[in-house]
Each structure stands twice: as structure tokens, then as C-alpha cells.
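What follows is a single structure, written as C-alpha cells, with notes after it.
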Amino acid sequence: MGITRLRGFQDIIGADARAVSIVEDTARAVAERYSIHEIRIPLLERVELYQRSSGETSDVVEKQMYAFGDHDEAHTMLALRPEGTPGVVRAYIEAGLDRSDPEQRFYYSGPMFRRERPQKGRFRQFHQFGVEIFGRPDAACDAELMIMVDDLRRELGLEVEFQINSLGDDKCRPAFRAALLEWGRAHVHELCEDCHHRLERNPLRLLDCKIDVKKVESAPRSTDFLCEECRQHFGIVQELLAGAGVPYVVNPKLVRGLDYYNRTTFEAISGAVGSQSAVVAGGRYDGLVETLGGSAVAGTGFAIGVERIALALEAERFRVKETPDVALIAMGEAALRAAMELALDLRHAKIRVELLSPERGLKALLRRADKIGAHYALILGANELAKGVAQLRDLKSSTQQEIPLAEVVSAVAKPA
Ligand code: HAM
């Protein structure tokens, strides 16, 4: 038996790979227009980082982390990153930016790992393009992040629905949590087994239950508990979204699965991916920098599920074949050396060249040139070399001409 890939892990090939790159490249270009700059952080971090930020009771930390002990003396517990936010916050604090220059705007792009049950749009290794903004406690920043996501989805030609909510802050959320706990205890016999577990450990998560969807309709809503400041903040977010022409719905059940959120949370939902419909998700996390040992600096951000967006875009759109301009055929060793020089000249002139194997006959190589869809076959043998020329065969029109080596680049570069 051959060695196969792991369950939930993907090889992304051809048009699918191109779709993923297009999502990443477009997100990068849009982020740069919002004056957001790249940060690169490790794939491996200490487990505590996620326990203290994403939350010990979150599914991500409790059930889904790829965690293992290092071979050092301390058996340091490590984890493959399940999300980017904690690592970016750690890096921000470690670089001393929370003190020296707290207002920072970062984006990151790369693989994340979660040991989830694989299905369409849900993988164990997937890619996120994330944005994290520090030092901006204002509602305008939350709104701008959603406007940015809207810009991106428009550029990609994707329809989404924005769902938003406010979870309140340290002042008003305790009352909401207490109300949920009370509601949960009163309804405990109707709730699923997971919810029994959630109830005492993290009652907010009751609203997130995928089984008790109908039952939690009657549960308390965070928006009914907001203090004056949080209500105002949420009001401004909505006004600015409406002003920018970004439609949204308020979903009071949107508590998100990670522990660090306060005030604004949001998701962009696509109808084109099946049940894994959240293609972008994020929110505000004003206490997180402090929780991880930094100063009291506000934070807000989001992450795009790159594969989910690529799936929603239908890879078919990207099935354009990448064909070379020139298939270079060298017959004999001396010709091969000259051909390699010629290939370099052509490539420096931005011409796509595939040097064919020198170990096959001319006929087979011409068939190969045809198969890979090359526009020209450029043939260089001992005779041509002696005369300082090459045969340029136009495979589209089946015409052939002999041209001096010095003129090959300009002959091929001519628009066909
Ligand atoms: P999240 O909701 O866990 O949030 O993930 C963000 C997005 O990543 C999801 O909406 C989804 O599109 C994608 N995603 C998550 N898990 C998978 C999976 N197993 N397979 C494929 N795609 C997946 C976060 O990760 C937060 N760090 C977002 C954030 C940034 N909040 C503030 N800043």
C-alpha cells in the first residue's frame, strides 16, 4: 500500500490551487489599500498561549488542538496553531509595541490546524487570511473591517450575508452571563449533553449549540443587557455599515466559539459552501493584550477561511490553462548548452519557456510541445548551431522559419 495523506488534510492542485492563491492575493491587495501590513508568525507555539486566549473551554482548545510534548528536558507542551490571533498578540507584546507604538495594523496568511471532523469546507489543515488591529477602541474600526471584507467579497464576485452582534464588555456582560446561567439551569432537562457541560463552564456557548438551535430561541439576548457605552458603540457600528451600503442582520446568538471577544462580533455567511457557511469571522477583543501580559490596548480583527471562499467561488472559473510560449528543443549536447542560454534570455524577456528533455527524438518532442499547448517550438540542432540560427515553428499555424539566434527573443516577443 502506498502512503496516503492524513484525513482532513488536502493536496490542492491545478485550478483549486489557483483559486486559493487568487483569494490570498486579492485579500493582500485589499489589505494594503487599508494600510494594513504583513506580519509572519510561527506555526508552532506554547500550548498555554491558546489556553489563555482562545479559552480552555473553547472547542478549539479543548478538543481540536494538535498538541504534543517537545523532546527538551522540560517537555515543553507545544501546539500547531489553530488560529492566528493569539500568536499575533504574543508577537505584538514580545516586540514591545504595546508600549512603544501601540497602534498597529497587521495581516497574516497561512495554514492553521484543527482536529475537527472533516466535511465539505471543514479541514484539519486550512488557510486563514487574518487581520488584527491594535490600539483602536473605536466603533469606526470595527465597521471599517467589515467594509474591507465587503470590498474583498465584491472584488471576488461573491455574495455574503453579514451577521453582527455585541457581547458587551466587562461591565455589562456579567449580568448577561448570569441571566444565561439562570435560563440554562431552568431548562437543563431540555438541553443536549454538550450543553450540560457548557452550562457551568461557559454559559455563553449555549447560544452556539448546533443541536439546541430551537430551544435557545427563548434564551436571553446579549443586546438586551448592553450598558450605555456598549449600546452606543454597537449603534455607531451599525450606522457606519448602513452609511457604507453594507447590508447586515443583527444575530443575537452570535457569541463566537473563542473566549476573547467583547463588544462587536461578526461573521460573513455564504450560501455556496453548504453547512460550513461562515467564510469570514471576527470581532473585538479589548482585554486580550492584557490577558497575555501586555498593556491595556484594544484589539479587533477577523480571519477569512481561504478554502471556504475558494469553494464558494467555484474553482471552474480558474481552469485557464497555463501554457508556455515556447517549447525549446535541443538536439545534441552542444545545442543543449546554447539552448539553456537562449532559455534564460527568453525568460528575462518575460517569455514562458519550457526546455524539453534532450533525451528524446525530434518527433516525440514536437508531440510533447503540442501537448503542453506551447505557441512555438524552437528547435536547435548541430546544423543550426553551426549556422548561428534556430528553427522557429509556429505550432498554431504550422509554419516554420529559420531565424538568427540573436533575433529569437524579438521574434517570439512579437504579438502573435
Ligand atoms: P474562527 O471563526 O475560528 O475565528 O475562524 C475564522 C474562519 O476560518 C471561519 O469563519 C472559517 O471560514 C475558517 N475556518 C475555521 N475552521 C476551519 C476549518 N476547520 N476548515 C476550513 N476553514 C475553517 C478565528 O480563527 C479568529 N482568530 C478570527 C479573528 C481574528 N477574530 C479576531 N481576529
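Read the numbers this way: they start at 1 and go in the same order the structure lists the ligands and their atoms. Start at 1 with the first residue, then count along the sequence. Just so you know, these numbers use all the heavy atoms, side chains as well, and skip hydrogens, waters and symmetry mates.
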Does anything in residues 158-170 form a side chain to side chain donor-acceptor pair (under 3.5 Å)? List the pairs, not counting sequence neighbours. Glu161-Gln163, Gln163-Asn251, Asn165-Ser222
On the 0 to 90° scale, with breaks at 30° and 60°, tag the Phe176-Phe225 ring pair as parallel, tilted or perpendicular. tilted
Should the ring pair Phe129 and Tyr107 be called parallel, tilted or perpendicular, given that the plane angle runs from 0 to 90° and is split at 30 and 60? parallel
Chi angles and distances behind the side chain to side chain contact (heavy atoms under 4.5 Å, CB included) call for Arg221, Leu207: CA-CA 9 Å; Arg221 300 171 164 233; Leu207 300 179; over 6 Å; no
So if I only count non-hydrogen atoms and take anything under 4.0 Å from ligand 1, which residues does that give, chain by chain? Glu83, Thr85, Arg114, Glu116, Gly121, Arg122, Phe123, Phe126, Gln128, Glu132, Arg256, Leu258, Tyr260, Tyr261, Ala278, Val279, Val280, Ala281, Gly282, Gly283, Tyr285, Gly301, Phe302, Ala303, Gly305, Arg308
Testing the 3.5 Å rule here: is there a donor-acceptor pair between the side chains of Glu290 and Ser295? no
Would you call Arg114-Glu83 a salt bridge at under 4.0 Å N-O? no
